[in-house]
Amino acid sequence: MTVMPSRAPARARGWQRLTWWFAAAWLPFLAFPLTHVFQADHHREWRYLAGVTILGFAALYLWGFRTYNLWLPISTDHWPRIWVLVGLAVLSAVSVQVLGNHAMGLLPFVVAWASFAMSSVWRWTVGVSCLLALALAGRGDEFDDTLWLLVIALALMLTGYLTSHLLARTRQMGEVERAHLVIAERDRMARDVHDVVGHSLTVVGLKVQLAERLVERDPARARRELTEASDAIKEALAGIRLSVEGVHSSTFPTVVHGAVSSLRDAGLVVDLVGDPASVTSKVSIPLRWVVQELTTNVLRHSHARRVVVEVDDEHFAIEDDGVGTRGVGEGRGLQGVRERLSAAGAELNVTTPDHGGTRMEVTW
C-alpha cells in the first residue's frame, strides 16, 4: 500500500494539527529578540531589517509545520523540508548579524524544526551545531543569558529523537496491521471459494451421475438433471465472483431451501423443521456459507438416507442417520466454518447422537 504525500490518513492529519499548535505555542518567546530590535544601536533601516527578518522567520517556521505532515515518512517531501531549514538558518544569521547574541533565541526554533521535521542525520548535525553556537555565544558574562537556550535546544533534540522513534514504530505497526488485513482477506476469499466450489461440484457430480443412470430409462428427467447441473456451475462461477467482491446476493432462506433441494435430489429423505425466514440475526450472512458447507459434508461423507434440518432464531442444525464421525478428524471445510462462525459470535458443535449418525449444530 502506497502512502501518498499529498494526503495523509485521518489519524496523521489529526496529529499534524496538534503538532502545528505545539509549534505555535513557542512563538511568544520571539518577543525577546523583538524587544531588542528597538534597543539596538543601529540605524533605523537595520532595525527594520531585523524586525522584518524575525517576523519572516516566525512565518516560515509556522508555514513549515502547517504545510508538511511531519507524521508521514520524511522521504515523501525531503527536499522541501531542507529548504525550510535553509531559510530558517539564513534568517537567523541575518538577525544575529544585526542584533548579536540577542538573536540567539531563534536557534532553538531551528533545532525544533530539525528535530521534528528532518532525518536523524540532519537532526543531530543541526542540533549539535546550534548547541555549539549557543555555547560560544554564552562565554563569559553572558553565559547565564544563554544557559536556558542551551537547555531548551537540548530538550528539543531529545524530544525530536524520541518522537521520531515512536513514529517509526507506529508506522511499522501500521504496516504489520495492513499485512494482517491482507492475509485475513486472502483467507476469507479462500474459504468462500472453497465453500462455493466444494458445494457446487458435489451437487453437479450427483446430478451428472443421476443423469447417466436415467439417460436411457427417462431421457426427459436426465436432460432436466443436466440442466440443473449446468445452472449449478453458473451459480458457482457467480459465487466466486461475488466472493472476490465480498458480497453475496442470496438470502438465507433461499440458501436453506436450495440445500434441502440438493439433499432431496441426491435421494435423501429430508425433513425441514422451522422457518428459515425467522433468522434475522447478523449471523445469517456467514450462515449462508455454513449451510452450504454442512450440506456438502452430508452429501460427501455421511452415507445417510434421512436428514433433518432444524432452524429457528437461535440455532441451525443438520442431523443425519449416516455413519457418524467417531474417529474421523475435521477437514479444512469444518475448520473454515468454525473460524467464520467465531468471527460472527456463533459456535459449531459436531456430535454423534445415541441412535447414530451426525448432528452439526450452529448456535448464536
Side-chain angles (χ1 to χ4, degrees), residues 188 191-200 202-203 206-207 228 231-232 234-236 238-243 245-302 304-322 324-325 330-331 333-364:
R188 180 196 68 80
R191 289 195 302 267
D192 290 352
V193 172
H194 172 273
D195 293 344
V196 172
V197 174
H199 171 77
S200 299
T202 300
V203 172
L206 291 171
K207 289 186 176 296
E228 292 179 358
D231 293 339
K234 294 178 182 177
E235 291 178 2
I240 292 174
R241 286 194 295 269
L242 292 170
S243 297
E245 298 172 1
V247 182
H248 199 289
S249 58
S250 300
T251 63
F252 177 67
T254 301
V255 173
V256 172
H257 289 298
V260 171
S261 297
S262 297
L263 292 169
R264 287 173 177 166
D265 289 343
L268 282 70
V269 178
V270 183
D271 295 326
L272 176 59
V273 181
D275 182 9
S278 64
V279 178
T280 58
S281 170
K282 64 179 182 179
V283 298
S284 64
I285 297 177
L287 270 179
R288 300 171 191 175
W289 300 105
V290 170
V291 170
Q292 291 185 349
E293 179 61 33
L294 298 186
T295 303
T296 300
N297 272 8
V298 172
L299 292 172
R300 285 180 176 175
H301 309 300
S302 70
R305 292 176 297 177
R306 188 181 188 90
V307 177
V308 178
V309 179
E310 303 173 4
V311 58
D312 57 30
D313 60 351
E314 294 183 351
H315 87 294
F316 172 85
I318 294 183
E319 184 174 332
D320 63 65
D321 62 353
T325 58
E330 290 188 356
L334 286 182
Q335 292 175 0
V337 166
R338 292 190 184 279
E339 293 174 3
R340 192 186 300 274
L341 292 173
S342 176
E347 183 180 4
L348 171 67
N349 292 307
V350 180
T351 59
T352 300
D354 295 337
H355 55 270
T358 304
R359 180 179 177 84
M360 295 178 288
E361 182 176 12
V362 179
T363 56
W364 55 87

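By convention here, the first residue in the shown sequence is residue 1.
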| request: Evaluate the criterion side-chain contact (heavy atoms from CB on, under 4.5 Å) for residue pair T295 and I318; output intermediate values, then yes/no. | output: CA-CA 8 Å; T295 303; I318 294 183; 4.0 Å; yes
| CZ of R305: more than 12 outside heavy atoms within 6.0 angstrom? |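 Incorrect, the count does not exceed 12.
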Taking side chain as C-beta onward, heavy atoms only, is [X] less than 4.5 Å from [Y]?
X: V256; Y: V279; value: no
X: L348; Y: V362; value: yes
X: V337; Y: M360; value: no

| Is there a donor-acceptor pair closer than 3.5 Å between any side-chain N or O of S342 and the backbone N or O of R338? |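 Answer holds: no.
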| So, does R288 use its side chain to make a donor-acceptor pair with the main chain of V255 at under 3.5 Å? |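 Flag not set: sc R288 to bb V255 has no pair under 3.5 Å.
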Give the minimum heavy-atom separation between [X] and [Y], together with the two atoms involved.
X: W364; Y: D313; result: NE1-O, 3.0 Å
X: V291; Y: A259; result: CG1-CB, 3.8 Å
X: P276; Y: P253; result: CB-CA, 3.7 Å
X: A304; Y: G322; result: CB-N, 3.7 Å

| If you round to the nearest 0.5 Å, how far is NE2 of H315 from CG of N349? |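 That separation rounds to 11.0 Å.
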| task | Report the residues that fulfil side chain to side chain contact (heavy atoms under 4.5 Å, CB included) with R306, sequence neighbours left out, ordered by chain and then residue number. | result |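 With neighbours one apart ignored, the set is V269, D271, D321.
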| request: Output every pair passing salt bridge (Lys or Arg N to Asp or Glu O under 4.0 Å) with a member in residues 355-364, not counting sequence neighbours, ordered by first then second residue. | output: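 Applying salt bridge (Lys or Arg N to Asp or Glu O under 4.0 Å) to every pair that reaches into residues 355-364, excluding sequence neighbours, yields E310-R359, E319-R359, R359-E361.
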